[in-house]
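In what follows, every heavy atom counts, from backbone to side chain, and hydrogens, waters and symmetry copies are set aside. For clarity, every value in this text was computed on a predicted model and none was experimentally measured.
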Amino acid sequence: MTEETQKPKTTMRAAYSVEFVPVGTPPPFIEDAPIPVSAPGMLLVRNLAASFNPVDAYIAAGYLAQRNPIFGKCRSAGSDFAGVVVDVGEGATVTLLDGSTRPALIGDLVFGDGIVGTGSFSEYVSVLAVQAVIKPPGLSFAEAAAIPLAALTSLQVLEEHAATPVGPGSKVLVLGGTGGVGSMAVQLAKALGASTVAATGSNTELLKSLGADIAINYHDENWGETLAGQDYDVIFATVADGDDSAERALGVLGPKGSFIYTLEKTALKDKENPDLGDRTFKYMLTDSTDAKSLVKIAQFVMDGKLKPLLHQDKTFPFTLEGWGALLKDAASGRAKGKLVMDLK
């Protein structure tokens, strides 16, 4: 039995909150957080990597506490995980890379978005079994942890929330194309067959390396002017690009195009705008229990069509200093790709 699959101790290192903290105040890093248990339908995972998502700060502040008791005060930060199953709750299964399921086994290497779990910035995390997918071979734990929420968000926007699913011939614009979600969206749009993918960011060479056909430096160009009248099918706003991005989108979208956003402040100010027509403007929330989509994402990874982007191609150590450094980069708003912590 390896160290990862041994029965855990009673306490663990974790970024752990016993009380809700204001947004912007990080949960403290402690050495003696209680190790969660594997309840029915759940898996206990020795977590080996975790990545940061902006929603983590809102969970720590109690914004989701009314939705599910698991978002209560005593919880570790984070949701994206990658690690080794060390205990299996009654009836818990795991999703294989062909989309089928089987009973989970101790020793399974898994990854997923365990947002309905006990928090992933911790040595051990209890997650819903339906959120756990077998890790693709050849993918490091750090790379696997960088994928789930960002890629699920992107794929669901492109395939489910857009009025017309992205496919061959589609034209897609990603606002914030070098961020954690945006870098996934650019690659997934190409993987789905989009003929034109435009993206905004401060590093145009990085955008091109991700597959963008049109790379727009938002410091130098106004995408609303550059792409005006070009009838894009989907604009995915992963960032709030000014206070008028929805209004600018009206001049870029085709007659039945979709503007999908993850920040409510990006919404169209005038819902009765006469230029809206049949266009779709929609706020989205990610379905993190969508194992079928995560399997599809894993297949894109194995086919070489999707590669997780780690900020500065590095991970952060699982220490008090490493936790502080990760949060500092997150607060800067300038991270390129995902911020990932190595929990080994």
Quick check against the 3.5 Å criterion: does Ser100 have a side-chain atom that pairs as donor or acceptor with the backbone of Leu96?
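Checking the backbone N and O of Leu96 against the side chain of Ser100, no donor-acceptor pair under 3.5 Å is found.
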Side chain Arg13, main chain Phe121, donor-acceptor under 3.5 Å
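Here the side-chain-to-backbone pair does not exist.
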Nearest 0.5 Å, please: how far is [atom2] in [Y] from [atom1] in [X]?
| X | Y | atom1 | atom2 | value |
| --- | --- | --- | --- | --- |
| Tyr218 | Leu175 | OH | CG | 12.0 Å |
| Ile35 | Asp87 | CD1 | CG | 11.0 Å |
| Ile147 | Asp113 | CD1 | CG | 12.5 Å |

Is there a continuous path of hydrophobic side-chain contacts, each under 4.5 Å between heavy atoms, that joins Val340 to Phe52?
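Val340 and Phe52: separate clusters.
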Is it true that Leu173 and Val197 fall in one hydrophobic cluster, defined by side-chain heavy atoms closer than 4.5 Å?
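As far as the 4.5 Å side-chain criterion goes, Val197 and Leu173 are not connected within one cluster.
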Would you sort out whether Ser38 and Ser126 count as a side chain to side chain donor-acceptor pair (under 3.5 Å), showing the intermediate values?
CA-CA 6 Å; Ser38 51; Ser126 183; over 6 Å; no
For Phe259, does the six-membered ring have the charged nitrogen or CZ of Lys282 within the cation-pi criterion, i.e. under 6.0 angstrom from the centroid and within 45° of the normal?
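No; the conditions do not both hold, so Lys282 does not lie above the ring face of Phe259.
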For the residue pair Lys171 and Tyr232, would you count it as a cation-pi contact if the rule is NZ or CZ under 6.0 angstrom from the ring centre and within 45 degrees of the ring axis?
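Output yes; distance and angle both within limits.
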Residues [X], [Y]: salt bridge by 4.0 Å N-O rule:
| X | Y | result |
| --- | --- | --- |
| Lys296 | Glu159 | yes |
| Lys256 | Asp278 | yes |
| Asp342 | Lys344 | yes |
| Asp213 | Lys208 | no |

Could you walk me through whether Asp108 and Arg102 pass the salt bridge (Lys or Arg N to Asp or Glu O under 4.0 Å) check?
CA-CA 11 Å; Asp108 280 339; Arg102 63 158 168 77; 2.9 Å; yes
Checking Asp80 against Ser120: is there a side-chain donor and acceptor pair closer than 3.5 Å?
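No, no side-chain donor-acceptor contact under 3.5 Å.
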Under a 3.5 Å cutoff, is there a donor and acceptor pairing between the side chains of Thr266 and Ser245?
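Their side chains do not contain a donor-acceptor pair, so the 3.5 Å distance test is not met.
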Heavy-atom side-chain contact between Leu253 and Ile235 under 4.5 Å:
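Yes; the side chains approach each other to less than 4.5 Å.
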Might you point out which heavy atoms bring Phe111 and Ala298 nearest each other, and give the distance in Å?
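So the minimum-distance heavy-atom pair works out to CZ-CB, 4.4 Å.
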